Amino acid sequence: MAERITPRHENYSQWYIDIVLQAKLADYSPVKGCMVIRPRGYALWEKIQQIIDGMFKETGHSNAYFPILIPESFIQKEAEHVEGFAPECAVVTHAGGEELEEPLFLRPTSETIIWSMYKKWIQSYRDLPILINQWANVLRWEKRTRLFLRTTEFLWQEGHTAHATSEEAVEETLRMLNVYKKFAEEYMAIPVLTGKKSESEKFAGAVDTYTIEAMMQDKKALQAGTSHFLGQKFAKAFDVTYQTRDGNLEYVWATSWGVSTRLIGTLIMAHSDDKGLVIPPKLAPTEVVIIPIYKTGNKVKVVDYAKRVYESIKGSYSTEFDDDDQYSPGWKFTEWEIRGVPVRVEVGPKDMGADEVTLVRRDTGERTLVKVSQVVEKIKTLMEDIQNSLFLRALEFRKGNTRPISDYEEFKQYFESDGGFAESFWCGSSDCEERIKEETKTTIRVIPFNQPEKPGTCIVCGEKAEQQVVFARAY
RNA sequence: CGGGAUGUAGCCUAGUGGCUAAGGCGCCUGCUUUGGGAGCAGGAGAUCGGAGGUUCAAAUCCUCUCAUCCCGACCA
């Protein structure tokens, strides 16, 4: 008997760890807070990269690469930025056997080094916009780490764009937020709320931070991607100006936006179950697995038959043929369920007799008999079904665990029992935000774009409030 | 960084001062099996997280240290 996966209702954190380790997505590394992304985890990341990168290219961006080492003085140029990041940075002080004259920071994010370069590259409005993305690793010295969700080193992409006008930069910020929303919903099958972050939750150095916010199966919120309007802060810090058409000098407007390997953690916590990983078809590195079921006497015949099925499927789907002789079919079923492969094709003597195969979908476990001649077509429908129903299930779950609440006592009770998302009005004061965080451990996850017609009263102080926001406990 | 827990073979666990550190899973060999984690036989694998100390004697007691997990504070 292999190790069991801790059921979600017993211990959600442990369940998550069990999935990551047993599906062999990642492993702990010898270095505190770091992880090794194993081939199956990395295959997922490559799939995510490939799709999102295509979306970046479609919206006019190019990839580039900037160094991991950043001079200390650069980090310190933007006041809020340094305040936000300096405490969690690792710094190289020695190299080549000598102490460095100026310490070099391992990048926690690349705004500063990139804007030092933009200063060299931008002189005129003709040089704008610059639309650059980089795929990179970054390092943040976190106190408390969790596989994929928060590690000391993680992989991400960071887009950094430079624009002539504020309007253009804001437009870019929202465009990329929508790219993230589209990716989350159409590929990851995870519904997300979009909107702005409150002052206290925004990125250090941003004017405005926008977020895609998802609900996990334990009803906690998770920020899955952010897009920042940086205004002219970094342009001013690095003195990046351009000459306008009519000869004036103006500071450049900036955006930055990113998603990370955290998306893999998000994916796990949104869809997986007590049997293991559940991967939406559009992100599955392996879409179909074929398992021949034979006895010693009929092995050759069954494997032959299964192989023909494999031949007919593999052109259309990323397919694995598991004819390993050492493990029983039951063992294989369990194993491929842990790995989260969306569709399993069982091929045994019974199926062979009827010129059929058995299809089993990972999300519901539902079995269907289908003629070999129709198998590719049927898998196509199944894949679409799984993709859609994962999304709908997550959407229903979020809806069922979201409540408008206007009374603070009711709010407290809500989070003492079930919890979830609370839609409540907020007057905008950081005092009220701070108080509700202290008293209920909830934070403002997002100030949604979609606002009710009528204003209300602040959930905390009862004063008139223009904005309705979403409160939740968060990762 | 505070509070708690844990660390014994690849994994899970027993052993709470005394003989050669025990068992299950996994792994290797062979045979038999195979429609939901198969069976039998044989075998390999551990300086008990690390360092120091107490003792005739330490996995076991003490000190320090490291790592992981859980709960907080801080963060993508």
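Bear in mind that the values here come from a model prediction, so they are computed numbers and not experimental data. Chain letters run A, B, ... following the sequence lines, proteins first, then strands; residues in each count from 1. Atoms considered below: every heavy atom in the structure, side chains included; atoms not considered: hydrogens, waters and symmetry mates.
- Taking the side chain of A:Thr296 as heavy atoms from C-beta on, and the options B:rU33, B:rG35, B:rU68, the nearest nucleotide is B:rU33.
- The side chain of A:Arg144 lies closest to B:rG72 when the candidates are B:rG72, B:rU34, B:rA76.
- Checking B:rC70, B:rA76, B:rG36 against every side-chain atom of A:Phe154, the shortest atom distance belongs to B:rA76.
- Residue pairs meeting the salt bridge (charged side-chain N to carboxylate O under 4.0 Å, His left out) criterion with at least one member in residues 67-84 of chain A, sequence neighbours excluded: A:Glu80-A:Lys233.
- When distances are taken from the side chain of A:Gln223 to each of B:rA76, B:rC1, B:rG36, the shortest belongs to B:rA76.
- Distance, A:Gln22 CD to B:rG10 P: 18 Å, rounded to whole Å.
- The ring-ring contact (aromatic ring centres under 6.0 Å, His included) test applied to A:Trp156 returns A:Phe154, not counting sequence neighbours.
- For an aromatic pair to be called close, the ring centres must be under 6.0 Å apart, and A:Phe56 with A:Trp257 satisfies this.
- Here B:rC70 is the nucleotide among B:rG72, B:rC27, B:rC70 with the atom lying nearest to any side-chain atom of A:Arg146.
- For A:Gln14 and B:rC71, the CD to C1' distance is 14 Å, given to the nearest whole Å.
- For A:Ile293, the side-chain atoms get nearest to B:rU34 when compared with the rest of B:rG36, B:rC74, B:rU34.
- Taking atom CD1 on A:Ile291 and atom C1' on B:rG36, their separation rounds to 10 Å, with Å as the unit.
- Between B:rG35, B:rG37, B:rA76, one nucleotide has an atom nearer to the side chain of A:Ser260 than all others, and that is B:rA76.
- The strand RNA chain B forms stems, runs of 3 or more Watson-Crick or G-U wobble pairs with distances below 3.5 Å, at B:1-7 with B:66-72, B:10-13 with B:22-25, B:27-32 with B:38-43, B:49-53 with B:61-65.
- The side chain of A:Arg150 lies closest to B:rC75, out of B:rC75, B:rG35, B:rA76.
- Atoms CD (A:Glu88) and P (B:rC1) sit 15 Å apart, rounded to a whole Å.
- With sequence neighbours excluded, no residue satisfies ring-ring contact (aromatic ring centres under 6.0 Å, His included) with A:Tyr317.
- OP1 or OP2 of B:rA73 sits under 4.0 Å from a side-chain N or O of A:Lys441.
- Every residue two or more places apart in sequence or in another chain was checked for a side-chain contact (heavy atoms from CB on, under 4.5 Å) with A:Ala79, and none qualifies.
- Comparing atom distances between the A:Tyr28 side chain and each of B:rA76, B:rC1, B:rC69 picks out B:rC69 as nearest.
- At a cut-off of 3.5 angstrom, the base of B:rG36 holds no donor-acceptor pair with the side chain of A:Ser328.
- Residue-to-nucleotide proximity on RNA chain B shows that, of A:Leu147 and A:Asp351, the 5′-proximal contact is made by A:Asp351.
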Pair up each side-chain donor or acceptor in residues 223-230 of chain A with any protein partner under 3.5 Å, not counting sequence neighbours, and list the distances.
{"residue": "A:Gln223", "atom": "OE1", "partner": "A:Lys197", "partner atom": "NZ", "Å": "3.1"}
{"residue": "A:Thr226", "atom": "OG1", "partner": "A:His228", "partner atom": "NE2", "Å": "3.4"}
{"residue": "A:Ser227", "atom": "OG", "partner": "A:Thr173", "partner atom": "O", "Å": "2.7"}
{"residue": "A:His228", "atom": "ND1", "partner": "A:Thr209", "partner atom": "OG1", "Å": "2.8"}

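- The interatomic distance linking A:Trp15 (CH2) with B:rC69 (P) rounds to 17 Å, in whole Å.
- Side-chain N/O atoms of A:Lys143 include none lying less than 4.0 angstrom from OP1 or OP2 on B:rC1.
- Applying the 4.0 Å criterion to OP1 and OP2 of B:rG72, one finds that A:Lys437 has every side-chain N and O outside that range.
- Here the two rings, on A:Phe415 and A:Phe471, have centers that are 6.0 Å apart or farther.
- Comparing B:rU34, B:rC70, B:rC75 by their nearest atom to the side chain of A:Glu142 picks out B:rC75.
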